[in-house]
Amino acid sequence: MERGNITAKDLTKATTADECVEIIKKWADEVYYAWSSNHSLVSQIADGFLDKNDNSKTYDRKTTNR
């Protein structure tokens with residue numbers, strides 16, 4: 001498995017909040033690309049979670065409106 005080049009240790013190099021934000025954005029990009037072969041699987045897992053969560057919210061709304 002290939003990992004990105006940016007680690008939490010790189011955050012210690014930031015001297016301003018803006019630099020910290022930029023490092024975090026670069027880290028997020030690296031994570032996104034490192035896991036690109038798994039995006040479909042992650043989407044399926046997220047959809048299942050969201051569907052389950054939406055159903056419980058709908059159920060809760062229906063029961064509280066009665």
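Between C20 and A14 the shortest heavy-atom distance is N-CB, 3.6 Å. The two residues K26 and I6 have their closest heavy-atom pair at CB-CD1, 3.3 Å.
No chain of hydrophobic side-chain contacts below 4.5 Å, direct or via other Ile, Leu, Val, Met, Phe, Trp or Tyr residues, connects I24 to Y33.
With rounding to the nearest 0.5 Å, the separation of CG in L11 from NZ in K9 is 12.5 Å.
Contacts of D10 classified as salt bridge (Lys or Arg N to Asp or Glu O under 4.0 Å), with partners at least two apart in sequence or in another chain: K13. Applying the side-chain hydrogen bond (donor to acceptor under 3.5 Å, both in side chains) criterion to N38, with sequence neighbours excluded, gives no partner residue.
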